[in-house]
Amino acid sequence: MTDPIKAHGKEANETDEAIGRERTAWERIDAIETDESKAYFSRELLIWYDRSKRDLPWRRHRDPYFIWVSEIMLQQTRVDTVIPYFHRFIERFPTIRELAEAPQEDVVKMWEGLGYYSRARNLQAAAQQIVELHDGQMPSEREHVFALKGVGPYTAGAILSIAFNRPEPAVDGNVMRVLSRYFLIEDDIAKPKTRIGMEKIIPGLIPEGRASDFNQALMELGALICTPKSPHCLICPVMEHCRGRIEGMERDLPVKTKAKKPRPEQRLAVLLEGAGEREGRVLVRRRPRTGLLAGMWELPHIAADSAPEAQDLGLEVGQLEELLEDLGLSWSPMSPYMTAEHTFSHIHWTMRVLTAREQPEVLAQLAAESGVPYEVAVPEAAAEALEADEAGTGAEVEWRWIAEADMREIAFPNLFLNILNRYFGEAKQS
DNA sequence: AATACGGGGTC
DNA sequence: GACCCAGTATT
């Protein structure tokens with residue numbers, strides 16, 4: 001049996017004796033099998049949970065579908081953020097089968113603003129898997145659950161334990177924080193190895209028949225009591241045997257390597273107002289199907305080099321204008337509309353938005369001269385311009401003139417949602 | 001093992 | 001600002 005944790009522990013121990021270092025945390029925890037602190041932990045945690053658990057929408061039924069949807073939504077996302085999304089999503093897609101059969105656009109639209117949109121696409125793909133392979137019922141075997149798109153070690157464990165009461169570990173950020181403090185584990189929780197070590201501890205902690213409550217209790221403790229910055233040790237149900245607290249280390253745990261800062265990117269967007277038969281509409285495009293914000297709609301924009309303070313954007317505005325020219329458009333002079341900041345996990349955008357008004361009469365004239373029809377779609381030149389913008393392959397980019405009402409149909413990332421809502425809001429004023 | 005992938009709340 | 005959140009997929 002190749003147990004990486006134990007193997008590592010033993011190996012360390014042989015040299016440790018010479019160096020005089022302590023055994024690893026994993027060995028120590030393993031050794032306290034008979035210790036009161038494990039049984040105490042599980043017992044007190046469950047007593048506390050039974051008394052203090054929150055009334056959350058997905059806790060009102062033990063429907064594996066509800067549990068699953070909530071767990072996907074809760075990935076890297078706070079409970080308070082998820083609740084309204086969960087209600088809307090379940091109302092729109094009440095069953096796995098209805099989710100599987102819906103247009104993908106609808107699923108992503110329901111996810112709009114929640115972020116990590118591959119979660120939505122994977123969720124639907126997995127629903128289709130379940131319909132095809134399991135007759136529309138969430139499977140209860142580990143291998144089948146784990147095989148679902150978008151379901152990793154945490155979510156598989158969460159579904160199996162919470163929905164089916166199987167004694168499987170479900171180790172998320174909360175659980176790692178709680179365990180690292182209670183057992184004084186100083187391993188870096190950013191490393192997958194540490195999560196695996198935690199997963200090995202859990203089965204030995206789950207009281208018979210209480211897997212569902214136990215795993216939820218562990219996360220609930222992390223969310224309500226054993227919080228990241230300043231844990232509420234004084235009201236913690238397991239404070240008595242918490243080694244982190246006893247050693248005064250609770251604020252130093254868990255150990256976690258810092259994330260890199262997002263790289264700054266300057267971008268220049270255009271909010272082009274339609275005229276003539278496109279009066280009241282705005283030009284938008286769809287992002288490529290892969291990569292950042294895959295398949296979502298946005299205002300056209302390009303990478304800009306100049307610093308945010310730079311006044312002279314002549315060159316870059318020129319590039320933006322080329323993009324529109326390639327669409328066969330003409331417009332009034334561009335003027336600054338607003339600047340928006342938006343931070344992703346790995347990129348920080350400073351998006352300067354210019355506005356201009358389409359001039360179809362000029363266009364019509366140009367079209368007559370050049371022989372290009374009035375309703376120009378997307379010529380190859382535009383695709384190339386986008387390619388140069390590294391937005392993707394460019395070839396598949398779609399364009400649309402949208403009215404305010406169209407925003408109910410298609411999904412935008414929050415950055416553009418904010419800009420467009422502001423724009424349409426102002427348009428109604430005047 | 002490292003990086004891509006959103007968005008927002010909190011101290 | 002920095003950190004973190006009921007993480008997963010891809011490289």
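Note on naming: letters A, B, ... go to the chains in the order of the sequence lines (proteins, then strands), and numbering restarts at 1 for each one.
- Distances shown here put a side-chain N or O of A:N414 below 4.0 Å from the OP1 or OP2 atom of B:dG8.
- Protein atom CZ of A:R78 is 11 Å distant from nucleotide atom C1' of B:dG7, rounded to whole Å.
- The shortest heavy-atom contact between A:F146 and A:A156 is CD1-CB, 3.7 Å.
- Contacts of A:R121 with the nucleic acid, taken as non-hydrogen atoms under 4.0 Å apart, are absent.
- Under 3.5 Å, the side chain of A:T77 and the base of B:dG6 form at least one donor-acceptor pair of N or O atoms.
- Using a 4.0 Å cut-off between a side-chain N of Lys or Arg and a carboxylate O of Asp or Glu, A:K109 and A:E409 do not qualify as a salt bridge.
- Within the structure, salt bridge (Lys or Arg N to Asp or Glu O under 4.0 Å) pairs that include any residue of residues 212-224 of chain A comprise A:R54-A:E220, A:R59-A:E220, A:R210-A:D213 (at least two apart or interchain).
- With sequence neighbours excluded, no residue satisfies salt bridge (Lys or Arg N to Asp or Glu O under 4.0 Å) with A:K149.
- One atom, CZ of A:R263, and another, C1' of B:dT3, lie 11 Å apart when rounded to the nearest Å.
- Within 4.0 Å (heavy atoms only), A:R59 reaches at least one base atom of the nucleic acid.
- On the nucleic acid side, DNA chain C contacts chain A at distances under 4.0 Å to non-hydrogen atoms, with the end points of that region at C:dA2 to C:dA9.
- The phosphate of B:dA4 has neither OP1 nor OP2 within less than 4.0 Å of any side-chain N or O from A:H346.
- Note: NZ (A:K191) to C1' (B:dA1) measures 8 Å, nearest angstrom.
- Rounded to a whole Å, the CZ atom of A:R287 is 9 Å from the P atom of B:dC5.
- Between B:dC5 and C:dC5, the distance separating the two C1' atoms is 15 Å to the nearest Å.
- Following rounding to the nearest Å, A:W349 (CH2) and B:dA4 (C1') show an atom-to-atom distance of 14 Å.
- Closest approach of A:L271 and A:T355 over heavy atoms only: O-OG1, 3.1 Å.
- OP1 or OP2 of B:dG7 has at least one side-chain nitrogen or oxygen of A:H342 nearer than 4.0 Å.
- Salt bridge annotation for A:R195-A:D172: absent, with no cationic side-chain nitrogen under 4.0 angstrom from a carboxylate oxygen.
- In terms of heavy-atom proximity, A:R181 sits nearest to A:E250 at NE-O, 2.8 Å.
- Looking at residues 160-171 of chain A, you'll see that no heavy atom sits under 4.0 Å from any atom of DNA chain C.
- The separation between A:K193 atom NZ and B:dA1 atom C1' is 11 Å, rounded to whole Å.
- Contacts with DNA chain B (heavy atom under 4.0 Å) in residues 104-115 of chain A: A:G113, A:L114, A:G115, listed by number.
- Distance from the side chain of A:F344 is smallest for B:dG6 among the nucleotides B:dG6, B:dG8, B:dT3.
- With respect to the salt-bridge test (charged N to carboxylate O, under 4.0 angstrom), the residues A:E398 and A:R289 qualify.
- Heavy-atom minimum distance, A:R62 versus A:A163: CD-O, 3.2 Å.
- Residue-level contact check: A:V82 touches neither bases nor backbone, having no heavy atom under 4.0 Å from any strand.
- With respect to A:R92 and A:D106, a salt bridge is recorded, a charged nitrogen being found less than 4.0 Å from a carboxylate O.
- Note that A:R422 lies in the cation-pi zone of A:Y337, set by a 6.0 Å cut-off to the ring centre and a 45° limit from the axis.
- Contacts of A:S70 with the nucleic acid, taken as non-hydrogen atoms under 4.0 Å apart, are absent.
- Within the structure, a side-chain polar atom (N or O) of A:Y117 is placed less than 4.0 Å from OP1 or OP2 of B:dG7.
- Taking the C1' atoms as reference points, B:dG6 lies 14 Å from C:dC4, given to the whole Å.
- Partners of A:F93 according to the ring-ring contact (aromatic ring centres under 6.0 Å, His included) rule, which considers only residues two or more places apart in sequence or in another chain, are A:F89.
- Mapping A:D80 and A:Q76 onto DNA chain B by nearest heavy atom places A:Q76 closer to the 5' end of the strand.
- Note: CE (A:M296) to C1' (B:dG7) measures 11 Å, nearest angstrom.
- Put simply, CG on A:L293 is 9 Å from P on B:dC5, counting in whole angstrom units.
- Between B:dG8 and C:dT8, the distance separating the two P atoms is 22 Å to the nearest Å.
- Within 4.0 Å of A:S345, counting heavy atoms only, lies at least one base atom of the nucleic acid.
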Side chain to side chain contact (heavy atoms under 4.5 Å, CB included) for A:Y182 and A:S37? Distances and angles first, verdict last. CA-CA 9 Å; A:Y182 186 80; A:S37 78; 3.7 Å; yes
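- In this structure, A:K258 and A:G150 both approach DNA chain C, and ranking their closest nucleotides by distance from the 5' end singles out A:K258.
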